[in-house]
Amino acid sequence: MFKKYMFIALIFSLLSGCWSAKELTELAIVSAMGIEKSGDEYEVTVQIINPGDIAGKTQTTRVAVSTYSIKGRSIFEAIRKLSKHAPRKLYFAHLRLVVIGEELAKEGISKALEFMSRDHEFRTDFYLVVSTKNSPSEILNVLTPIEKNPSNKVFNTIEVSYKNWAPTARVNLDELINKLTSTGNNPVLTGIIIEGNENISGSLENVESIPSPANLILENIAIFQDEKLVGWLDQEESKGYNYITDNVINTVAVLDWQDGNITLEFTNSSTKVTAITSGNNRPKIKVDVFPEGQIGEVQADIDLTNEKDMKELEKITNERGNKVLTDVIKKAQKLETDIFGFGEAIHREDPKTWSKIEDKWNEEVFPELEVEINFQTTIRRLGTTNESFLNEMEGK
């Protein structure tokens, strides 16, 4: 009988809730955070979800999120000081986005990341971006159409752009810290700007008009040397970076053809980076890229059933691809920052050679590194028709 009562007591003890549990009504759920430098202090902005307005199906005169900003000597201090303004305890477990100011990024981001990597409330599946032209607080004050929660809009845009366009990068906290702590591989982050009328970007008018007067736009890729922002890649260079790092899922390219142009869609791209060492402390890198193409749109006079024309189209595509990859490598070499992981490839292939050049990799070896590029496209599909009806119309 005694054992029976002990067993029942044990069961009831397991049913008692977690001692540290918080009621939802006691928490302010943070969906996005902005960090920028203001003199010797950090300015931290948090975007908090208003649960009733996020869940509601009908339009109201209240916005779905609220933002609060404050300064502190550290990020932790600033967040605690926000309790003077926010009516509930800030809760970061559902964070979707962190916006880092460009000036802070130029100064160095590692100290800004330390708090997030240490605090148990922060998961690591949120994305980080760099705000250019606008401050993080301005970015987080923009109201967006379709998505009531602006941070969800940016999060989903990063996902969609990464999968369908290619000149952006999706980077979470773990990936960023891994790049910062590794040798021979520097980090990158996607940029973000406000496009349009910034003066009404935070009002309901911005989501009540078609089109919206102001929108949040992803703006290419920011490149770092160690923890400091040192430059930006343009659209084509950003795409080249993703080809080299094997991060192209789907993208398109418009190619000039005689009196018009042809648009190709690229899928199933694969990249192989090979380090070639010979023991003389002058390693080489070979980059092989094999994308599969299909005809997406034809606005030119071309016979897609003609093997000679198709071979010429593949040749033009490969020349264009080689140029794009060469340009982005030259830019990174000029800025003395290996963002492609070439150093890691050499380390894996020949640790002894890497140990000799590691200390001077970014400043001396990488800028002079010989890189051989082989961009080899195969056009496998022509679409649902062999010839464009535009050619038939011209022949009438």
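Only heavy atoms go into these numbers, but all of them, side chains included; no hydrogens, no water, no symmetry mates.
Lys163 has a carboxylate O that lies under 4.0 Å from a charged side-chain N of Glu159, or vice versa, which qualifies the two as a salt bridge. Of the charged side-chain nitrogens involved, none lies within less than 4.0 Å of a carboxylate oxygen, so that Lys331 and Asp327 do not count as a salt-bridged pair. By the 4.0 Å N-to-carboxylate-O rule, Glu114 lies close enough to Arg118 to be salt-bridged with it. Remark: Glu121 engages Lys89 in a salt bridge, criterion side-chain N to carboxylate O under 4.0 Å. Remark: Lys133 does not engage Glu195 in a salt bridge, criterion side-chain N to carboxylate O under 4.0 Å.
Side-chain contact between Val129 and Ile158 is present, with at least one heavy-atom pair separated by less than 4.5 Å. For the pair Tyr243 and Ile373, the minimum side-chain heavy-atom distance is 4.5 Å or more. Between Leu313 and Ile379 there is a side-chain heavy-atom pair separated by less than 4.5 Å. In this structure, the side chains of Thr317 and Leu255 come closer than 4.5 Å at one or more pairs of heavy atoms. Two residues are said to be in side-chain contact when any heavy atoms from C-beta on lie closer than 4.5 Å; Leu176 and Ile109 meet this criterion. Asp350 is not listed as a side-chain neighbour of Pro283, based on a closest heavy-atom distance of 4.5 Å or more. Counting heavy atoms from C-beta on, the side chains of Ile194 and Glu138 come closer than 4.5 Å. Between Val273 and Lys286, the closest side-chain pair of non-hydrogen atoms is not below 4.5 Å.
Remark: Arg170 fails to qualify as a cation-pi partner of Tyr127 under the 6.0 Å distance and 45° angle criteria applied to the six-membered ring. Judged by a 6.0 Å distance limit and a 45° cone about the ring axis, Lys37 is positioned over the six-membered ring of Tyr42. A cation-pi arrangement is present between Lys239 and Trp165 under the rule of less than 6.0 angstrom and at most 45 degrees off the ring axis.
No donor-acceptor pair closer than 3.5 Å links the side chain of Lys284 to the backbone N or O of Glu372. Proximity of a side-chain donor or acceptor of Asn186 to a complementary backbone N or O of Asp226 within less than 3.5 Å is detected. With Gln47 contributing its side chain and Ser31 its backbone, the two residues share no donor-acceptor pair below 3.5 Å. In this structure a side-chain-to-backbone donor-acceptor pair under 3.5 Å is present from Asp338 to Gly343.
No hydrogens or angles considered: a donor-acceptor pair under 3.5 Å links the side chains of Asn247 and Tyr162. Using modelled atom types, one finds no donor on one side chain facing an acceptor on the other under 3.5 Å when comparing Gln235 with Glu237. If you check the side chains of Glu292 and Thr267, you find no donor sitting under 3.5 Å from an acceptor. Judged by distance alone, the side chains of Thr45 and Ser69 do bring a donor and an acceptor atom under 3.5 Å apart. In this structure, a donor-acceptor pair under 3.5 Å is present between the side chains of Glu265 and Asn250. Between Thr353 and Thr277, the side chains place no donor N or O within less than 3.5 Å of an acceptor N or O (distance only, hydrogens not considered). Judged purely by distance below 3.5 Å, without hydrogens or angles, the side chains of Asn134 and Glu198 pair a donor atom with an acceptor atom. In the model, Thr337 has no side-chain atom that pairs as donor or acceptor with a side-chain atom of Asn362 under 3.5 Å.
Aromatic ring centres of Phe290 and Phe375: separated by at least 6.0 Å. Taking the six-membered ring for Trp and the full ring otherwise, the centers of Phe122 and Phe115 sit less than 6.0 Å from each other.
Under the 30°/60° scheme for interplanar angles, the aromatic rings of Trp361 and Trp354 are found to stand perpendicular.
A 6.0 Å sphere centred on CD of Glu363 holds more than 12 heavy atoms belonging to other residues, nucleotides or ligands.
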